[in-house]
Structure formats: C-alpha cells, structure tokens
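Following: one structure in structure tokens, then a few remarks.
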Amino acid sequence: MAVFTKTGKFEDVRDDVEMAITGRGLVVNNVSHVGEMLERTGKDLGDDRQIYLKAEALEFCSAVVSRKMMETDPDNIVFCPYIISVYVLPGKPNEVRIAYRKPQIVGSQASQAALKAVDELLSGIVKDALQ
C-alpha cells in the first residue's frame, strides 16, 4: 500500500482527492463510508473502540487505463475498480491520510507495463491532492 498524510480538514482533503480524480475526466462510482459503517457495526457488536474519526473510500475506474490493463491479461480484472481511501485517526484530528493499494506488477511485459500505468494514475491523483 501507499500511504500519505496531509495536514488539514478531512472534508477539504477528501474534496481534493475527488477533484484530482474528476480533473482527469474520471467519475467516482461509489463512496464507501467506512468510518460510519465501523462505528455503527461496532456498537452492534458491543465494541465501542473508535478506529477512525472519519474514513471514506472513493471508488473509480478509467476506461482507457483499465481496458489496456485487462486487454494485456483478463485476470487483471482483480485490480479494478481503483480505490483511494481518505481517513483520520483518533488522536490526530488534523492529519488526514490518503492511501491506495499499489497494484502488484505481474504477468507478461505488456501486463506489467499496464499495471505500472495504473500505479502512475493512482500516485498522480494522490500527488495532485497533496498539493
């Protein structure tokens, strides 16, 4: 995984990530409210430990990058969709973390090149959001 931090408010950093995604002509397909889900289910399970102050995962895809990745190896479907998580840990309310799963660079040379392009897309989005 790749994890980065930015000082600021969760909402601002989350918006920065979303703008970095949509600024590339990509669409956020889904936002998973991970922090809220864990808080709700923790209460149901009798565990009130707070894991995140706030946490969301933004899911998206790139028709161009994804298609190339899967054309080189149909098994690369497991790397799609792409997800960038934005979260804040208790005790560090002004430190927002941005993280994503780095794709494993596997398969043929063409597959490896396509997967490197996925990593470059994800790291570029995060770099833009960190500015």
Side-chain angles (χ1 to χ4, degrees):
M1 76 180 88
V3 181
F4 304 86
T5 60
K6 183 174 182 179
T7 302
K9 294 182 179 179
F10 171 84
E11 292 79 7
D12 294 339
V13 176
R14 186 220 172 273
D15 289 348
D16 291 343
V17 171
E18 185 169 5
M19 287 190 307
I21 293 168
T22 59
R24 287 174 165 71
L26 307 174
V27 175
V28 174
N29 298 323
N30 185 48
V31 177
S32 295
H33 301 276
V34 179
E36 292 173 15
M37 179 274 300
L38 289 171
E39 184 176 338
R40 183 181 65 253
T41 58
K43 289 176 185 175
D44 293 342
L45 297 171
D47 188 346
D48 61 355
R49 285 178 293 161
Q50 187 176 29
I51 299 170
Y52 304 105
L53 293 179
K54 294 190 179 198
E56 293 184 6
L58 288 76
E59 175 186 300
F60 60 99
C61 203
S62 163
V64 173
V65 175
S66 297
R67 181 168 185 86
K68 183 150 187 101
M69 174 184 69
M70 288 179 250
E71 282 177 345
T72 64
D73 185 343
D75 292 333
N76 285 342
I77 192 171
V78 301
F79 298 112
C80 198
Y82 313 126
I83 299 171
I84 296 178
S85 300
V86 182
Y87 55 100
V88 177
L89 301 175
K92 296 184 179 182
N94 296 318
E95 180 184 280
V96 183
R97 294 180 181 217
I98 304 169
Y100 68 91
R101 272 180 291 210
K102 294 178 73 61
Q104 188 177 7
I105 309 302
V106 296
S108 67
Q109 286 184 336
S111 175
Q112 290 179 24
L115 290 164
K116 286 178 185 174
V118 171
D119 189 47
E120 290 170 5
L121 171 67
L122 294 169
S123 66
I125 288 168
V126 171
K127 285 178 187 173
D128 286 354
L130 290 171
Q131 294 180 354

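Predicted, not measured: the structure shown is a model, and the values here were computed from it.
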Is it the case that one hydrophobic cluster holds both V64 and M70, taking links as side-chain heavy atoms less than 4.5 Å apart, direct or via other members? no

Open item on the list: Run the side-chain contact (heavy atoms from CB on, under 4.5 Å) test on S66 and F79 for me, step by step, so that the C-alpha distance in whole Å, both residues' side-chain angles and the decisive distance to 0.1 Å come before the verdict.
Closed with: CA-CA 9 Å; S66 297; F79 298 112; over 6 Å; no

Can you tell if the side chain of V126 reaches within under 4.5 Å of the side chain of V17, non-hydrogen atoms only?
no

*Min side-chain heavy-atom separation E36-K54 under 4.5 Å*: no

D16 and K6 ion-paired at < 4.0 Å = yes

When you look at V34 and E56, which way does the side-chain contact (heavy atoms from CB on, under 4.5 Å) test go after all the steps? CA-CA 5 Å; V34 179; E56 293 184 6; over 6 Å; no

So CD1 of I98 and CD1 of I125: to nearest 0.5 Å the spacing works out to 11.0 Å

Side-chain touch L53/F10, heavy atoms, less than 4.5 angstrom: no

When rounded to the nearest 0.5 Å, the distance separating CZ of R49 from CD of E39 is 14.0 Å

Around I77, counting heavy atoms of other residues, nucleotides and ligands shown, do more than 12 lie under 6.0 Å from its CD1? no

Hey, quick one: are F4 and V13 part of the same hydrophobic cluster, counting side-chain heavy atoms closer than 4.5 Å, chains of contacts allowed? yes

**Asked** Do T5 side-chain atoms and V96 backbone N/O form a donor-acceptor pair below 3.5 Å?
**Response** no

Note to self: Between L122 and M19, is there shared hydrophobic-cluster membership here, with clusters defined by ILVMFWY side-chain heavy atoms closer than 4.5 Å?
What the structure shows: no

Item to complete: Assess whether side-chain contact (heavy atoms from CB on, under 4.5 Å) is satisfied between R14 and K9, documenting all intermediate values.
Response: CA-CA 9 Å; R14 186 220 172 273; K9 294 182 179 179; over 6 Å; no

- [ ] State whether the side chain of E59 and the backbone N or O of N29 hold a donor-acceptor pair below 3.5 Å, judged by distance alone.
- [x] no

In terms of heavy-atom contacts, A129 and A20 come closest through N-CB, 4.2 Å

Closest non-hydrogen contact found for V27 with F60 is O-CB, 3.3 Å

I'd like to check L121 versus S62 (side-chain heavy atoms, cut-off strictly below 4.5 Å). Are they in contact? yes

Do L38 and V31 share a hydrophobic cluster, counting only Ile, Leu, Val, Met, Phe, Trp and Tyr and linking them when any side-chain heavy atoms are less than 4.5 Å apart?
no

Residue pairs meeting salt bridge (charged side-chain N to carboxylate O under 4.0 Å, His left out), one or both in residues 103-128, sequence neighbours left out, come to R24-D128, K102-D119

task: Evaluate the side-chain proximity of V88 to Y52: yes if any heavy-atom separation is below 4.5 Å, no if none is.
output: no

Here the pair of heavy atoms bringing P103 nearest to V118 is CG-CG1, 3.9 Å

message = Do Y82 and I21 make a side-chain contact, defined as non-hydrogen atoms from C-beta onward lying under 4.5 Å apart?
response = no

Next on the checklist: Does any part of the side chain of L115, heavy atoms only, come nearer than 4.5 Å to the side chain of M69, both counted from C-beta?
Outcome noted: yes

Taken to the nearest 0.5 Å, the spacing of R97 CZ from S85 OG works out to 12.5 Å

Query raised in the report: Is there side-chain contact between L58 and E18, with heavy atoms separated by less than 4.5 Å?
Result: yes

Give a yes or no on whether L89 and M1 share a hydrophobic cluster (residues Ile, Leu, Val, Met, Phe, Trp, Tyr; joining criterion: side-chain heavy atoms under 4.5 Å apart).
yes

### Task
Decide yes or no on side-chain contact (heavy atoms from CB on, under 4.5 Å) for N76 and S111, but give the supporting numbers first.
CA-CA 8 Å; N76 285 342; S111 175; 2.9 Å; yes

